[in-house]
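Scroll down for the structure; my scribbles are underneath it.
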Amino acid sequence: MERARRTRSVLAALTAALLAVPGITALSSAARAADADVAANGGFESGLTGWTCTAGTTVNAPVHSGSSALQATPSGSDNARCSQTVTVQPNAQYTLSGYVRGSYVYLGATGTGTTDVSAWTQSAPDWQKLSTTFRTGAATTKVTIHTHGWYGTGAYQADDITLVGPGGSGTGQPPAAPAGLRTTSVTSSSVGLSWSAVTGATGYAVYRDGARVQTVTGTSATVSGLAAATAYSFQVTALNDAGESAKSATVTATTTAGSGGGTSDLPPHALVGYLHASFANGAGYTRLADVPDSWDVIDLAFGEPTSVTSGDIRFRRCPVTECPNVESDAEFKAAVKAKQAAGKKVLISIGGQNGQVQLTTAAARDTFVSSVSDIIDTYGLDGLDIDFEGHSLSLNPNDTDFKNPTTPVIVNLISALKTLKAKYGAKFVLTMAPETFFVQNGYQYYGTGKWGGQDPRCGAYLPVIHALRDDLTLLHVQDYNSGPIMGLDNQYHSMGGADFHIAMTDMLLTGFPVAGDQNNVFPPLRPDQVAIGMPASTNAGNGHVSPAEVTKTLDCLTKKTNCGSYATHGTWPALRGLMTWSVNWDRYANWEFQKTFDAYFG
């Protein structure tokens, strides 16, 4: 796994004694009475309302008081800062306090006009109070308070943050909640909203599924970057110098169906399976003609290169010495045509555990295109599945932008796949089966990282998926043989239950900042492009879950019911379906996986 460089900063804690100045000690009782807590939502009882966080969420436990607290998890490149800008008075004294838990937790204020301050703790196994004071400058009317952890350390919690001092000179009260929220337009990727103006408001914040996504000055907004055929909920708040209003009533909208990616002639919900076509193992050999009709996409495993860097892919069917019941070439080709006549798709899958493919040169790229074309043409196949594992894809140092990759093996693969798509046209089926390490783990780490030292393979599939998103029929990440992966709730999720599949799939359908960079977000895929990869049986791979857990996963993602502890960011009834390794292992297990799919989707 990647090695995130974890830097420790040796910070000096400066503690200043209050000066015995008569002007301070002789504050009038009237002035003291005017002091108030001017921080908004310091107990996080209204979620993250009023706060801007790079990697934060609210939790119900542990809490210092009330029912909620902040929890934020730093990464190797992000200290998980949460901040709030507060209106204050010039030349005034303020006390900033809060309760924290965790390692390396900081509480501070910037923009004071005098000396920015902070308090911190290296270790707080239980709630510990941090407190500091400052005086504003002669022209200071706004101060930013913040809390953060330290790079690469564990999650921290914060609660009951207060900033006590004279109230600001703004309107004095936050505005009322907006009324009349409604949808004005709905497309496959956006929803237009409008609402009634609020007296005293200087701006409005738009929330999608509880997360703040936009700030506007007018009474309308368009939320874009949404997934097709997906249900979303929206709320709006009003803003002024005194703070943020309560949220408006909720309106919901479902985006229209998308198009493209060669998916139009797949069923609304599809079952994808890999067929051991070039080898036998403990699952035994299954003839293509004997694959039941429930399987909509059949990936022939595997086409492999003649050498790692040649780009020359060969598909050698299982020899009779290894697979005594193997069909002849003529029978195999006839089975392909029969499956296609029944509306099924048959693809060649390139790679697998043993098939390392590195297109390091333009010559290797061109050989890849020609050799894969030969396989597709020879057997009359519908398309191609990319199952690059191991060391096939990795990022060169300083290749940090997934939208503009520079690493040859990445650039050449993208070019090769676009060439194949253009050659065979709109009906060409293109699928990918990366491991979680190459996709969702990119939420925390991407390539070698800003300081080097990380595994260069981390997140390496993201530029390929992004470049091909308009041509991609299906992405079915292997939710198995995986280590713990951090989800959008900034918690680690492990294999073995519905929670892992829900969290991993939610990331694909919601999108996520790459390496914690909020300015570099991997956009969501359409739900019709996503299937969930699961092992067919305990023999097939680590991470197998029972049929009941498969059902819980589908209930949560398509209906937002039966979800458990993980809160998804949407509802996706158009989720394409399930992928499994493999048809052979499912047959070995009396077709348990297939039966679960059929029972759920009919």
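A quick note: this is a predicted structure, and the numbers were derived from the prediction, not measured.
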Would S294 and D598 satisfy side chain to side chain donor-acceptor pair (under 3.5 Å), going step by step from the backbone distance to the final call? CA-CA 7 Å; S294 293; D598 288 344; 2.7 Å; yes
Does any part of the side chain of K345, heavy atoms only, come nearer than 4.5 Å to the side chain of I298, both counted from C-beta? no
Proximity of W581 and H544 rings by center, below 6.0 Å: no
Do Y274 and D385 pass the side chain to side chain donor-acceptor pair (under 3.5 Å) test, and can you show the C-alpha distance, the side-chain angles, and the key distance before you say yes or no? CA-CA 10 Å; Y274 286 80; D385 172 69; 2.7 Å; yes
Here the pair of heavy atoms bringing N584 nearest to G284 is ND2-O, 3.0 Å
Under a 3.5 Å cutoff, is there a donor and acceptor pairing between the side chains of N441 and E435? no
Step through it carefully: locate the ring centre of F315, locate the ring centre of Y379, and say whether they are under 6.0 Å apart. yes
Tell me, with the steps shown, if D377 and Y424 meet side chain to side chain donor-acceptor pair (under 3.5 Å). CA-CA 10 Å; D377 295 342; Y424 289 101; 2.9 Å; yes
I need the minimum non-hydrogen distance between Y232 and L509, along with the two atoms involved. OH-O, 4.5 Å
Do H493 and F500 have their ring centres less than 6.0 Å from each other? no
Measure the shortest side-chain to side-chain distance between I313 and V357 over non-hydrogen atoms and say whether it is less than 4.5 angstrom. yes
Report yes if the side chains of W591 and V583 come closer than 4.5 Å at any heavy-atom pair, otherwise no. yes
In terms of heavy-atom contacts, A283 and Y588 come closest through CA-CD1, 4.1 Å
So, S371 and T367: side-chain donor and acceptor under 3.5 Å apart, yes or no? no
Salt bridge between R526 and D528, side-chain N to carboxylate O under 4.0 Å? yes
In sequence, state the C-alpha distance, the side-chain angles, and the governing distance for D209 and S233, and then conclude on side chain to side chain donor-acceptor pair (under 3.5 Å). CA-CA 5 Å; D209 295 324; S233 64; 2.9 Å; yes
Salt bridge present between K552 and E549 (N-O < 4.0 angstrom): yes
Under 4.5 Å between any side-chain heavy atoms of L271 and F593, yes or no? yes
Ionic contact status for K560 with D555, cut-off 4.0 Å: no
In terms of relative ring orientation, are F601 and F597 parallel, tilted or perpendicular, with 30° and 60° separating the classes? tilted
Do V223 and Q214 have side chains that get closer than 4.5 Å, going by heavy atoms? yes
Can the positive tip of R469 be found less than 6.0 Å from the middle of the six-membered ring of F522, inside 45° of the ring normal? yes
Could you tell me which non-hydrogen atom of L393 sits nearest to which non-hydrogen atom of I410, and how far apart they are? CD2-CD1, 3.9 Å
Could you tell me whether a side-chain N or O of D586 sits under 3.5 Å from a main-chain N or O of S537, the two making a donor and an acceptor? no
Any idea which heavy atoms bring A433 and Q478 closest together, and the distance? O-NE2, 2.8 Å
Please work out whether the ring planes of H148 and W150 are parallel, tilted or perpendicular, with thresholds of 30° and 60°. tilted
Check: K344 side chain, D293 main-chain N or O, donor-acceptor pair, under 3.5 Å: yes
Identify whether the distance between the nearest side-chain nitrogen and carboxylate oxygen of D471 and K421 falls below 4.0 Å. no
